[in-house]
Every structure is written in C-alpha cells, then in structure tokens.
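Reading through the structure tokens given below for one structure.
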Amino acid sequence: MSLTPWETGWVSAGNDLEWMQNFEEVVLRTPVVSEVGRGDVSLKVKPQDLFLKVSGKEICSGQLFKEVDPEEASWAFDTKDGQRYLVVTLQKINRTAMKSARTWESLWMPTITGGEDEEEEEKK
C-alpha cells in the first residue's frame, strides 16, 4: 500500500466529524460557528479512546482503531473556504516498521456483535 500524506482526503466518521490520515498522524475536523471559543471545547484522549464535546454537544466518544499518544494530541481552530472548523491532531503510535501496518482501516474500532449480548437483547 502506498499511502501518501492525506491521499485519502476527508472521510466521514459520523456526527459532523471527518478524518484523514498519513503514516504518522490522524487528523479530525468538525464544523463550528464563529462564537465557539477555547472554553467551549472538551477533548479527552487516551491511548485508544477519544471524547470530544463542543459547546455542550458530544461530537464523538469511542474506541479508536489503533493507539495514539495522548501527550501529543492537540487541537486548533481553522477556516477553509469560509467554513470554520475545530481540527484535532492525534499522533499514531507505530509499533512496527512496516508502513502498511500503520494505515488505519477506520477511525473507530468495529463494533462486535453476536454472542451473549445479542441473545440478551433478543429476550427483551
């Protein structure tokens, strides 16, 4: 696989959230109005979990596809073509020299269905 920086462009991750990647970073963005300020943003990053809330609205909360370095996470406001965005940058933790293994198939871990949980839901 020959992933070049930002080759994929922006991909939807649901709930007004888009993301893109290169071998070292995952970048997310969500549109925000001009009145949104630093105090309106709540970002919590763990090695494989991400939570983002803007102006009291949860934008995302879930388990990331692979690990990131929470200490290197950052965010900023940016404007592109007249639209203001909150942009979050996450540094990937790469545990392999193989570049193909550094590419995330998705932003989020797939939801596992089946087994006892599914059977319990059917009983309700």
Side-chain angles (χ1 to χ4, degrees):
M1 172 173 270
S2 61
L3 182 75
T4 57
W6 321 127
E7 178 181 307
T8 57
W10 293 105
V11 178
S12 175
N15 201 22
D16 285 334
L17 186 69
E18 297 177 308
W19 74 291
M20 68 167 71
Q21 66 178 317
N22 64 19
F23 290 125
E24 291 82 32
E25 297 177 326
V26 172
V27 179
L28 302 90
R29 74 177 183 184
T30 188
V32 295
V33 295
S34 60
E35 293 79 21
V36 171
R38 296 190 68 77
D40 298 314
V41 177
S42 176
L43 175 67
K44 296 177 184 167
V45 181
K46 294 181 180 178
Q48 209 164 349
D49 293 302
L50 176 69
F51 172 82
L52 176 62
K53 186 185 281 190
V54 178
S55 299
K57 177 185 174 190
E58 184 177 299
I59 303 301
C60 63
S61 178
Q63 185 177 6
L64 296 166
F65 190 77
K66 291 188 180 180
E67 286 184 282
V68 297
D69 183 349
E71 297 296 319
E72 295 295 322
S74 64
W75 64 267
F77 294 112
D78 190 22
T79 302
K80 175 93 173 161
D81 299 324
Q83 174 62 58
R84 187 168 186 241
Y85 293 96
L86 171 66
V87 179
V88 177
T89 303
L90 305 173
Q91 296 294 318
K92 293 179 179 180
I93 294 179
N94 294 312
R95 300 190 186 277
T96 178
M98 294 176 33
K99 286 190 175 183
S100 62
R102 297 180 188 178
T103 302
W104 293 16
E105 296 173 25
S106 169
L107 179 60
W108 307 112
M109 278 297 269
T111 303
I112 299 171
T113 59
E116 290 181 19
D117 292 339
E118 190 173 273
E119 291 172 13
E120 289 297 317
E121 286 296 317
E122 289 175 8
K123 290 178 184 177
K124 291 182 181 177

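Everything numeric in this text was worked out from a predicted model, so none of it was measured. Hydrogens, waters and symmetry mates play no part in the numbers below; they use all other heavy atoms, side chains included.
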Take L28 and W75, measure what side chain to side chain contact (heavy atoms under 4.5 Å, CB included) needs, and give me the verdict at the end.
CA-CA 9 Å; L28 302 90; W75 64 267; over 6 Å; no

Yes or no on side chain to side chain contact (heavy atoms under 4.5 Å, CB included) for K66 and I93, after CA distance, side-chain angles and deciding distance?
CA-CA 8 Å; K66 291 188 180 180; I93 294 179; over 6 Å; no

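With rounding to the nearest 0.5 Å, the separation of CG in L90 from CD in Q21 is 11.5 Å. Summarising the geometry, atom NZ belonging to K80 is positioned 8.0 Å from atom CZ belonging to R29; distances are rounded to the nearest 0.5 Å. Atom OH of Y85 sits about 14.5 Å away from atom CZ of F77, to the nearest 0.5 Å.
Closest of all the heavy-atom pairs between W108 and A13 is NE1-O, 3.7 Å.
Test E71, E25, E67 against Q91 for side-chain hydrogen bond (donor to acceptor under 3.5 Å, both in side chains) and you get one pass: E25.
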In residues 30-59, what donor-acceptor pairs under 3.5 Å come from side-chain atoms, sequence neighbours left out?
residue : atom : partner : partner atom : Å
T30     : OG1  : D16     : O            : 2.8
D40     : OD2  : G37     : N            : 2.8
Q48     : NE2  : L64     : O            : 3.1
Q48     : NE2  : F65     : O            : 3.4

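For E72, the salt bridge (charged side-chain N to carboxylate O under 4.0 Å, His left out) criterion is met by no residue, not counting sequence neighbours. Scanning for side-chain contact (heavy atoms from CB on, under 4.5 Å) contacts around D78 gives V87, with sequence neighbours left out.
Taking 4.5 Å as the limit, some side-chain heavy atom of T103 sits within range of a side-chain heavy atom of F23.
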